[in-house]
Amino acid sequence: MNLYLYNTLTKKKEKFEPINPPYVGMYTCGPTVYNYAHIGNLRTYIFEDILKRVLLYNNYIVNHVMNITDVGHLTSDADEGEDKIEREAKKERRSAWEIAEFYTEAFKRDIKKLNIIEPNIWCKATDHIKDFIDLILILENKGYTYRTSDGIYFDTSKVPEYGKLAGQELENLLPGARVEYNPEKRNPTDFALWKFSPKDVKRQMEWDSPWGVGFPGWHIECSVMSTKYLGQPFDIHCGGIDHIPIHHTNEIAQSEAAYDKPMAKYWLHGEFLVMGDKKMAKSEGNFITLSDLEEKGYHPLAYRYFCLTAHYRSPLRFTWTALEGAQRALNRLYENMKKYPKVDAEFDKNYEEEFHKAINDDLDMPKALAITWELVKDNKIPSEIKRTTLLQFDRVLGLSLDNPPEIKIEVPEEIWGLLEEREIARKNKDWEKADKIREEIKAKGYIIEDTPQGPRLKKAKPLSK
RNA sequence: GGCGGCAUCGCCAAGCGGCUAAGGCAGGAGAUUGCAAAUCUCCCAUUCCCCGGUUCGAGUCCGGGUGCCGCCUCCA
């Protein structure tokens with residue numbers, strides 16, 4: 001079955017044809033590890049995971065590379081401002097290296113909880129300084145660079161196609177734009193390849209280079225590491241939609257200038273998660289982390305399910321009610337799965353084909369989920385077949401349908417006491433007292449479900465906002 | 001100022017010119033329960049922001065409004 005993907009480069013849905021089938025090289029821009037990821041960041045990684053799983057489902061052999069930006073990402077793309085990692089280190093009174101290490105681990109924990117398959121290769125920027133310098137040297141030899149007082153810059157006017165990914169013309173960037181003006185730059189879109197360490201402050205992360213002590217620019221990192229591990233051109237490059245106009249545009253400029261061939265064949269971008277009507281962003285101060293969700297009693301996979309209800313190229317509006325809905329829907333899938341007998345059976349070919357068609361149509365996960373529900377509700381399909389078919393779907397959905405996670409909650413001693421008291425009242429058919437205790441427990445944030453096996457506790461969830 | 005996108009049930013959200021406008025959540029009715037919860041069954045948009053147009057046929061294409069968002073600062 002053909003796979004179709006929307007390519008930002010051509011602005012069209014295209015038939016996916018890897019350069020060297022059945023191998024697929026895929027590079028996804030990883031996190032800058034100066035803080036926890038928020039669920040908006042994580043939406044993109046979920047989208048990329050779905051993409052990868054769909055490729056695997058189509059029997060491609062995927063080599064997935066993800067970078068960790070642990071140096072060089074400044075607080076402004078105008079190449080002003082501080083290095084994000086160093087700034088955070090100062091704030092937390094830890095070394096830059098510790099900060100990077102700490103948030104890298106936090107990130108890896110998050111994606112694990114979301115059932116995101118780990119990349120085949122993780123690469124850290126600080127492990128590739130020599131490679132960055134090598135590429136800058138190539139660019140320098142080809143005349144693409146120039147020196148200013150604070151670094152080595154890439155001259156974007158030397159690239160006729162500059163901005164092709166974003167569809168932006170150089171000339172249109174000036175008027176009204178909120179660009180910090182750097183008088184030493186030849187063009188407003190020029191960007192730093194290598195930045196010199198400031199004279200007055202000692203940086204924690206800095207290296208020698210042919211141009212002086214300093215650190216690499218952000219964009220060079222992805223250009224170098226993607227090509228190093230995947231060759232050039234490689235098949236797929238992904239990232240958030242925000243990377244189109246600058247980061248990916250600059251990657252393309254560098255890589256194609258250096259090697260005179262396309263950087264990647266397909267460029268895919270995930271849309272934003274929005275909060276109210278605004279995007280979720282650290283700078284907007286409206287961000288929520290995965291731990292925030294967990295603290296409220298939501299499972300990370302409920303968030304994954306929530307993300308699957310929207311197409312990756314549409315903005316998705318986050319509300320607590322919508323997340324609650326996702327959690328409930330997912331629980332229902334789990335409940336259904338538990339009922340089905342665990343015996344070997346062939347999956348249902350018709351449903352599988354429908355599902356396959358949906359995911360191959362530019363990852364139409366909302367459709368795929370709709371098909372999933374149709375199957376669950378179809379009483380013409382025997383339950384053991386439902387089970388195997390759903391497990392087949394779960395190779396892409398990644399919702400752990402075969403092994404539903406238990407939501408662990410911490411219950412204080414006090415609640416256990418009340419619960420016991422209520423059970424005694426119930427045995428004595430003192431319903432009034434039992435209901436009163438139930439109310440009391442509810443007031444303390446827990447909901448009781450009486451089952452034939454005894455009472456079960458759940459954390460009450462705030463539905464507001 | 002430039003570029004791009006979006007407006008579909010109370011909420012989230014599919015749909016990309018043609019069967020009766022997916023699906024989930026919420027809501028309603030019933031089964032179950034001491035009552036609940038959970039679970040199960042059934043019901044739940046003659047209509048797609050507004051106005052024109054193209055077409056045998058439009059939520060889907062075109063033109064014009066209105067409202068909103070993103071990017072051109074950092075961002076997934």
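When reading the values below, keep in mind they use all heavy atoms of this one structure, side chains included, and skip hydrogens, waters and symmetry mates. In what follows, chains are A, B, ... by sequence order, proteins preceding strands, each numbered from 1.
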| Over how many whole Å does the gap from A:Leu363 atom CG to B:A14 atom P extend? | 13 Å

| note | Across every strand shown, the nucleotide meeting Watson-Crick or G-U wobble geometry with B:A26 (both distances under 3.5 Å) is none

| said: Quick check on B:A14: is either OP1 or OP2 less than 4.0 Å from any side-chain nitrogen or oxygen of A:Ser314? | reply: yes

| task | Ignoring backbone atoms, test whether A:Arg332 places a side-chain nitrogen or oxygen under 4.0 Å from the OP1 or OP2 oxygen of B:U39. | result | yes

| task | Just call it for A:Phe306: base, sugar-phosphate, or nothing, with non-hydrogen atoms closer than 4.0 Å on any strand. | result | sugar-phosphate

| request: Under 4.0 Å between any heavy atoms, over every strand shown, what does A:Leu273 touch: base, sugar-phosphate, or nothing? Just pick one. | output: base

| said: Quick check on the 6.0 Å ring-centre criterion: do A:Tyr266 and A:Phe16 meet it? | reply: yes

| said: Students often get this wrong, so: under 4.0 angstrom with heavy atoms, is A:Pro31 touching a base, only sugar-phosphate, or nothing? | reply: nothing

| request: Evaluate the ring planes of A:His219 and A:Phe191, with Trp represented by its six-membered ring, and classify them as parallel (under 30°), tilted (30 to 60°) or perpendicular (over 60°). | output: perpendicular

| query | Is the ring of A:Trp373 stacked on the base of B:G23, with centres less than 5.5 Å apart and planes under 30° off? | reply | no

| query | Just how far, in rounded Å, is P of B:G15 from CG of A:Asp361? | reply | 8 Å

| Among B:A22, B:G34, B:A76, which is the nearest nucleotide to the side chain of A:Ala434? | B:G34

| Given B:G24, is OP1 or OP2 found less than 4.0 Å from the side-chain N or O atoms of A:Lys377? | yes

| remark: Per atom distances to the A:Lys339 side chain, the nearest of B:C11, B:A76, B:C40 is B:C40

| Separation between the P atoms of B:A7 and B:G17, rounded to whole Å | 16 Å

| request: Could you state the atom-to-atom distance from OH of A:Tyr4 to C1' of B:C16 in whole Å? | output: 15 Å

| Would A:His243 and A:His269 count as a close aromatic pair, with their ring centres under 6.0 Å? | no

| In terms of side-chain heavy atoms of A:Glu449, which of B:A14, B:C16, B:A38 is nearest? | B:A38

| request: For B:A7, give its Watson-Crick or G-U wobble partner with both distances under 3.5 Å, or none. | output: B:U66

| message | So, using side-chain contact (heavy atoms from CB on, under 4.5 Å) as the criterion, who are the partners of A:Glu101 when residues are at least two apart? | response | A:Glu105

| With a cut-off of under 6.0 Å to the ring centre and 45° to the axis, is A:Arg203 in cation-pi contact with A:Phe215? | yes

| Touch class at under 4.0 angstrom, heavy-atom based, for A:Leu316 against every strand present | sugar-phosphate

| request: Side-chain contact test, heavy atoms from C-beta onward, threshold under 4.5 Å: evaluate it for A:Tyr312 versus A:Cys307 and give yes or no. | output: no

| remark: On RNA chain B, more 5' by nearest nucleotide between A:Ala329 and A:Val376 is A:Ala329

| query | Counting only Watson-Crick or G-U wobble pairs whose two distances fall under 3.5 Å, which nucleotide matches B:C16? | reply | none

| Separation between the P atoms of B:A36 and B:C48, rounded to whole Å | 40 Å

| request: For B:C71 versus B:G57, give the span between their C1' atoms, rounded off to a whole number of Å. | output: 38 Å

| Nucleotide paired to B:G1 in any strand shown, Watson-Crick or G-U, under 3.5 Å | B:C72

| request: Tell whether A:Asp435 reaches the base of B:G34 with its side chain through a donor-acceptor pair below 3.5 angstrom. | output: yes

| field | Length of the line joining A:Met280:CE and B:C69:C1', which is rounded to integer Å | value | 15 Å

| message | Both distances below 3.5 Å, Watson-Crick or wobble geometry, any strand: find the nucleotide opposite B:A38. | response | none

| message | Quick check: closest heavy atoms across A:Asp361 and A:Lys13, and the distance to 0.1 Å? | response | OD1-NZ, 2.8 Å

| query | Looking only at atom P, what distance separates B:G28 and B:C3, rounded to whole Å? | reply | 50 Å

| request: Could you tell me whether A:Lys112 atom NZ has more than 12 heavy atoms of other residues or ligands within 6.0 Å of it? | output: no

| message | Both A:Phe272 and A:Arg313 contact RNA chain B. Taking the nearest nucleotide for each, which residue is further toward the 5' end? | response | A:Arg313

| note | pair_partner(B:A58), Watson-Crick or wobble, both distances < 3.5 Å, evaluates to none

| field | d(NZ, A:Lys11; C1', B:C71) in whole Å | value | 12 Å

| said: Looking at B:A26, I'd like to know if its phosphate oxygens (OP1 or OP2) sit under 4.0 Å from a side-chain N or O belonging to A:Arg328. | reply: yes

| field | Residue A:Asp364, side-chain heavy atoms: nucleotide from B:C12, B:A14, B:C72 that is nearest | value | B:A14

| Nucleotide paired to B:U32 in any strand shown, Watson-Crick or G-U, under 3.5 Å | none

| query | Looking only at atom C1', what distance separates B:G10 and B:G27, rounded to whole Å? | reply | 8 Å

| said: With a cut-off of less than 4.0 Å, is there a side-chain N or O of A:Arg317 near OP1 or OP2 of B:C69? | reply: no

| field | Inter-nucleotide C1' distance (B:U60, B:C16), Å rounded | value | 6 Å

| task | Specify the separation, in whole Å, of atom NZ of A:Lys279 and atom P of B:G4. | result | 19 Å

| query | Mind checking the P distance from B:G70 to B:G64? Whole angstroms is fine. | reply | 24 Å

| request: Tell me what A:Gly239 touches on the nucleic acid: a base, only sugar-phosphate, or nothing, going by heavy atoms under 4.0 Å. | output: sugar-phosphate

| Which part of the nucleic acid, if any, lies within reach of A:Asn336 when heavy atoms closer than 4.0 Å are counted: base, sugar-phosphate only, or nothing? | sugar-phosphate

| field | Heavy-atom pair with the smallest gap, counting every atom of A:Glu221 and A:Gly217 | value | CG-O, 3.4 Å

| task | Using a 4.0 Å heavy-atom cut-off across all strands, classify A:Glu271 as base, sugar-phosphate, or nothing. | result | base

| Looking across every strand, which nucleic acid part, if any, lies under 4.0 Å from A:His243 by heavy atom: base, sugar-phosphate, or nothing? | sugar-phosphate

| request: Take atom NE2 of A:His247 and atom C1' of B:U73, then tell me their distance rounded to the nearest Å. | output: 16 Å

| note | Taken to the nearest whole Å, CG/A:Asp450 to P/B:U39 is 15 Å

| request: For nucleotides B:G2 and B:C44, find the distance between their P atoms and express it as a whole number of Å. | output: 49 Å

| Is there a donor and acceptor pair, one atom on the side chain of A:Arg438 and one on the base of B:A36, closer than 3.5 Å? | yes

